[in-house]
2 protein chains.
Amino acid sequence: MPNRNISKSVIKRLPIYLRILDQLIRRDVEMISSKELSNESGFTAEQIRKDLAYFGAFGTRGAGYNTLFLREKIIKIIGLDSITDTIVIGAGNLGTALTRYNLTKNPYVNVIAAFDKNPDLIGKQIDNLEVLPIEKAPEVIKEYGIKVCLITVPANAAQEVADLVVKHGVKAILNFAPAKLSVPEGVHVHNADLTIELQSLIYYSSAEEERLTRVAREAKDKKPKPSKSFTYD
Amino acid sequence: MPNRNISKSVIKRLPIYLRILDQLIRRDVEMISSKELSNESGFTAEQIRKDLAYFGAFGTRGAGYNTLFLREKIIKIIGLDSITDTIVIGAGNLGTALTRYNLTKNPYVNVIAAFDKNPDLIGKQIDNLEVLPIEKAPEVIKEYGIKVCLITVPANAAQEVADLVVKHGVKAILNFAPAKLSVPEGVHVHNADLTIELQSLIYYSSAEEERLTRVAREAKDKKPKPSKSFTYD
DNA sequence: TAGATTGTTAATCGATTAACAATC
DNA sequence: TAGATTGTTAATCGATTAACAATC
């Protein structure tokens with residue numbers, strides 16, 4: 001029985017299952033058990049079975065999952081059964097790389113346009129796309145029914161760009177800018193802030209034990225006297 | 001009392017607090033309450049207080065947190081108090097963009113070298129860095145004591161690259177390749193798989209309700225007969 | 001002292017894991 | 001029928017939220 005309100009964690013794992021199924025199918029594997037999917041993905045077999053069961057009974061007891069069938073189902077669950085057109089806003093280094101990257105690597109998604117407000121970048125060629133002025137974005141969003149947008153502008157421009165695209169119908173934003181975006185109910189934002197990924201990784205790259213002990217010890221001694229001047233308003 | 005084994009979710013939030021503190025300090029704000037930090041970050045005030053309390057008592061009751069003091073603490077907790085040198089392996093579009101991006105945007109991290117095995121890319125100039133052959137990586141890792149590495153090679157080369165860098169002392173990998181990496185105990189991998197981010201976002205970009213109902217209905221009718229031929233070995 | 005806000009303990013919620021009956 | 005593996009329910013675990021005493 002399909003359950004509404006499926007958690008984000010479950011949804012994040014679906015594309016990983018999809019990728020593995022793609023690989024298996026390329027190798028002509030027809031059936032796969034949750035146990036074997038576990039080996040490939042690193043998630044537990046129980047979790048995989050539970051994830052899939054949210055959407056239906058796709059397997060065969062005693063036999064496992066038919067790879068082609070399961071892939072088909074996951075594609076439809078995610079909504080990848082027709083190619084998703086998307087746009088990139090911000091044609092700097094990262095935006096350019098992502099535009100190229102997605103055009104070549106991802107069979108389910110197609111970057112149809114890239115935008116910027118910097119006159120030096122407008123007109124620039126990214127493979128066979130030309131960078132358009134940001135003013136053209138509303139028109140393109142409407143004409144192609146764009147629902148998904150990548151934002152790769154600097155932090156201070158991100159909210160403004162988000163407001164613009166949401167106003168014209170975008171429902172989901174992949175935000176690479178190091179900024180929190182406010183969006184209306186029903187619009188989804190995923191943050192792909194690489195600085196944050198990298199910094200949280202640094203935490204694990206050296207001996208935390210002694211670092212934390214020192215921090216805690218120092219906090220007691222050196223805490224500054226509270227002052228009310230210049231407080232946040 | 002500093003608690004060991006702090007959860008990944010907590011650690012992922014620390015860089016966000018840090019970024020907000022950086023902004024506040026730039027605006028000369030001296031004190032900030034958990035309530036106000038909540039407004040800026042989108043996390044609840046309770047969660048922020050709890051997160052910080054894992055590491056020590058950094059605030060002042062009745063007054064809030066001193067921004068400079070708290071920033072200093074978070075920097076030390078994460079381990080950003082000295083610049084972290086890092087390397088990028090894979091100098092394609094994404095690797096090049098990240099090399100440029102990190103050099104300019106992140107005061108706590110420094111990309112000191114980029115590597116590739118493609119002769120066409122070796123020798124290429126990325127700002128003031130020259131792309132080096134992958135064979136030089138072990139030497140650079142050892143000489144600079146590199147503990148953190150970004151992997152931006154194609155999926156089929158990612159494991160091999162991971163093995164290489166781990167062998168020479170890397171403890172943390174930010175993996176952009178769409179592949180699961182196996183690493184020994186004590187080495188940390190964060191996956192920044194943009195395809196997966198994008199695909200899981202697509203799930204939310206259109207009306208899921210009807211899509212899921214259809215998937216579940218179809219699953220009953222059309223499930224293929226199980227076959228044992230060509231199974232996974 | 002009164003008002004504000006932290007730090008911490010307890011309660012709740014949600015997600016993962018374990019167990020096992022159903023069934024191919 | 002016996003062996004295998006799913007789908008589902010129950011138990012556990014962990015993380016978030018709520019509450020409030022401590023204290024500036």
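Fair warning: this is a prediction, and the values are worked out from it, not measured in the lab. The chains referred to below are lettered A, B, ... by the order of the sequence lines, with proteins before strands, and numbering in each begins at 1.
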- Item | Rounded distance in Å - CE (B:Met31) to C1' (C:dA4) | 11 Å
- Note on the structure: B:Gln47 atom CD is separated from C:dG7 atom P, nearest whole Å, by 16 Å
- Query: At what angle, to 10 degrees, do the two end axes of the helix from C:dG3-D:dC24 to C:dC24-D:dG3 meet, given five pairs define each axis?
  - Reply: 10°
- Query: Does B:Asp193 come within less than 4.0 Å of A:Arg19, counting only side-chain N to carboxylate O?
  - Reply: yes
- Message: If I take atom CD1 in residue A:Ile11 and atom C1' in nucleotide C:dG14, what distance separates them, rounded to the nearest angstrom?
- Response: 15 Å
- Query: What integer distance in Å separates A:Lys12:NZ from C:dT16:P?
  - Reply: 13 Å
- Phosphate oxygens OP1/OP2 of C:dT6: is one of them under 4.0 Å from a side-chain N or O of B:Thr60? no
- Among D:dT16, C:dA15, D:dG7, the nucleotide that comes nearest once only the side chain of A:Ser9 is considered: C:dA15
- Under 4.0 angstrom between A:Ser7 side-chain N/O and C:dG14 OP1 or OP2: no
- So, does A:Arg71 use its side chain to make a donor-acceptor pair with the main chain of A:Leu21 at under 3.5 Å? no
- Message: Please report the interatomic distance CD1(A:Ile173) to SG(A:Cys149), rounded to the nearest 0.5 Å.
- Response: 6.0 Å
- Item | B:Glu46, nearest nucleotide to its side chain (from C:dG7, D:dT9, D:dA19) | D:dA19
- Message: Let's see if you can work this out: which of C:dT23, C:dT6, C:dT8 has an atom nearest to the side-chain heavy atoms of A:Arg61?
- Response: C:dT23
- Message: Nearest whole Å is fine: how far is C:dC24 P from A:Phe58 CZ?
- Response: 17 Å
- Message: How close do A:Leu14 and A:Ile74 get, counting heavy atoms only, and between which atoms?
- Response: O-CG2, 3.8 Å
- Message: Please determine whether a side-chain nitrogen or oxygen atom of A:Ser34 lies at a distance below 4.0 Å from atom OP1 or OP2 of D:dT5.
- Response: no
- In whole Å, what is the span from the NZ atom of A:Lys50 to the P atom of C:dA15? 10 Å
- Looking across every strand, which nucleic acid part, if any, lies under 4.0 Å from A:Lys35 by heavy atom: base, sugar-phosphate, or nothing? nothing
- Mind calculating the distance between OH (B:Tyr65) and P (D:dC24) to the nearest angstrom? 14 Å
- Query: B:Phe69 vs B:Phe58 aromatic rings, parallel, tilted or perpendicular, using cut-offs 30° and 60°?
  - Reply: perpendicular
- Message: Measure CD1/B:Ile48 against P/D:dT17 and give the value in whole Å, please.
- Response: 11 Å
- Take A:Val170 and A:Val187 through the side chain to side chain contact (heavy atoms under 4.5 Å, CB included) test and state the conclusion after the steps. CA-CA 8 Å; A:Val170 164; A:Val187 176; 5.7 Å; no
- Below 4.0 Å: OP1/OP2 of D:dC20 and any side-chain N or O of B:Arg49: no
- Does A:Tyr54 have a side-chain nitrogen or oxygen under 4.0 Å from the phosphate oxygens OP1 or OP2 of C:dT16? no
- Message: Looking at A:Lys76 and A:Asp81, is there a salt bridge between them, counting it only when a charged N and a carboxylate O are closer than 4.0 Å?
- Response: no
